[in-house]
Amino acid sequence: MLLGKKRKLGREIKEMSVGEKLALTEKIEDKDILLYLGLTDDANPLYIQHDYASQTPFKKPIVPSIMLTGMITSAISKYLPGPGSHILSQDIQFPKPVYHYATVHLLLEVVEINHDDHTVKITVVGTNEKEEVVISGQLKVCPPHRLGGMDGNVLDNF
């Protein structure tokens, strides 16, 4: 149990359908960038130094691509398919930079379901406030497997 609550798993592959969509909006704040940089020990001046970034084609600090990827993986873990799912592969492009304080709108869509290998293909498109595409890609995801045979107490230790 987690703080006295049983954890709910995401949806099984048989509960999913092609065309399902998930829309999310993420606002990127300084605290998020500083947490990421602190966790990864990443001191790239392009991410944090205004004086350096101002001299580059970007003109101001940008958000690390892997941090944007984290927003996508979090959406998959939390919502589509949800808890218990696992990303097997990802192909993600970042055609335009995302700047500090940006708002990113993510749209994830199930485009393929493969029951034989227990995977779903999910596309993702991220746009900024100007509706420019800043993220584009697809992921191969293994939805959660149903656990059974243990009186429903399988997740009690989590």
Side-chain angles (χ1 to χ4, degrees), residues 2-3 5-13 15-114 118-144 155 158:
L2 182 71
L3 301 176
K5 294 183 180 178
K6 284 195 179 188
R7 300 218 37 182
K8 183 177 178 353
L9 287 179
R11 297 196 345 271
E12 290 182 68
I13 195 167
E15 299 169 316
M16 300 183 72
S17 56
V18 169
E20 274 185 70
K21 294 179 182 174
L22 170 69
L24 292 172
T25 299
E26 298 278 349
K27 175 101 170 105
I28 300 165
E29 303 286 353
D30 279 344
K31 67 176 177 55
D32 305 315
I33 295 166
L34 291 173
L35 271 171
Y36 163 79
L37 295 173
L39 284 171
T40 58
D41 197 25
D42 188 342
N44 185 337
L46 187 57
Y47 301 149
I48 50 176
Q49 291 180 9
H50 290 268
D51 55 343
Y52 171 79
S54 69
Q55 298 173 52
T56 72
F58 298 107
K59 301 295 181 207
K60 51 188 177 178
I62 64 172
V63 177
S65 300
I66 196 69
M67 202 174 135
L68 300 170
T69 303
M71 295 186 321
I72 298 165
T73 59
S74 175
I76 287 170
S77 291
K78 290 194 280 191
Y79 308 114
L80 185 66
S85 54
H86 174 60
I87 295 170
L88 299 170
S89 66
Q90 58 190 14
D91 178 16
I92 302 172
Q93 293 81 43
F94 305 94
K96 287 190 175 283
V98 174
Y99 296 101
H100 292 209
Y101 313 111
T103 299
V104 177
H105 303 283
L106 294 175
L107 180 64
L108 286 78
E109 181 176 359
V110 177
V111 294
E112 187 179 299
I113 297 174
N114 187 329
H118 194 83
T119 62
V120 295
K121 187 182 291 181
I122 297 174
T123 59
V124 61
V125 175
T127 54
N128 63 16
E129 301 92 332
K130 298 176 187 173
E131 298 186 15
E132 300 169 317
V133 174
V134 294
I135 301 168
S136 173
Q138 68 178 20
L139 301 97
K140 184 176 180 181
V141 179
C142 175
L155 296 179
F158 292 96

Please answer whether the main-chain N or O of [Y] pairs with a side-chain N or O of [X] as donor and acceptor at a distance below 3.5 Å.
X: Lys27; Y: Tyr101; answer: yes
X: Thr69; Y: Ser65; answer: yes
X: Glu20; Y: Ser17; answer: yes
X: Asn114; Y: His118; answer: no
X: Ser74; Y: Gly70; answer: no
X: Glu112; Y: Lys121; answer: no
X: Tyr79; Y: Ala23; answer: no
X: Gln55; Y: Asp51; answer: yes

- Item | Verdict with reasoning, Leu107 to Lys21, per side-chain contact (heavy atoms from CB on, under 4.5 Å) | CA-CA 7 Å; Leu107 180 64; Lys21 294 179 182 174; 4.1 Å; yes
Return the [atom1] to [atom2] distance between [X] and [Y], rounded to the nearest 0.5 Å.
X: Leu139; Y: Ile87; atom1: CG; atom2: CD1; result: 5.0 Å
X: Lys59; Y: Ser54; atom1: NZ; atom2: OG; result: 8.0 Å
X: Leu68; Y: Glu26; atom1: CG; atom2: CD; result: 10.0 Å
X: Leu37; Y: Asp30; atom1: CG; atom2: CG; result: 10.5 Å
X: Thr73; Y: His86; atom1: OG1; atom2: NE2; result: 11.5 Å
X: Leu108; Y: Ile76; atom1: CG; atom2: CD1; result: 5.5 Å

- Message: Would you say that more than 12 heavy atoms from the other residues, nucleotides or ligands in this model lie under 6.0 Å from the CD of Glu15, or not?
- Response: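 Above 12, so yes.
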- Message: Testing the 3.5 Å rule here: is there a donor-acceptor pair between the side chains of His105 and Thr25?
- Response: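 Looking only at side-chain atoms, Thr25 and His105 do form a donor-acceptor pair, the distance falling under 3.5 Å.
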- Task: Test Tyr36 against Asp42 for side-chain contact (heavy atoms from CB on, under 4.5 Å), laying out the working first.
- Result: CA-CA 8 Å; Tyr36 163 79; Asp42 188 342; 3.7 Å; yes
- Kindly determine whether Ile62 and Val98 satisfy side-chain contact (heavy atoms from CB on, under 4.5 Å), including the steps that lead there. CA-CA 6 Å; Ile62 64 172; Val98 174; over 6 Å; no
- Query: Nearest heavy-atom pair of Val104 and Gly126: which atoms, and what distance?
  - Reply: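 Answer, listing the atom of Val104 first, then Gly126: CG1-CA, 4.4 Å.
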- Exercise: identify the closest heavy-atom pair between Gly84 and Leu9: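 Smallest heavy-atom distance, with atoms named: CA-CD2, 4.1 Å.
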- Task: Decide side-chain contact (heavy atoms from CB on, under 4.5 Å) for Leu80 and Arg11; before the verdict, give the C-alpha distance in whole Å, the side-chain angles of both, and the deciding distance to 0.1 Å.
- Result: CA-CA 8 Å; Leu80 185 66; Arg11 297 196 345 271; 4.1 Å; yes
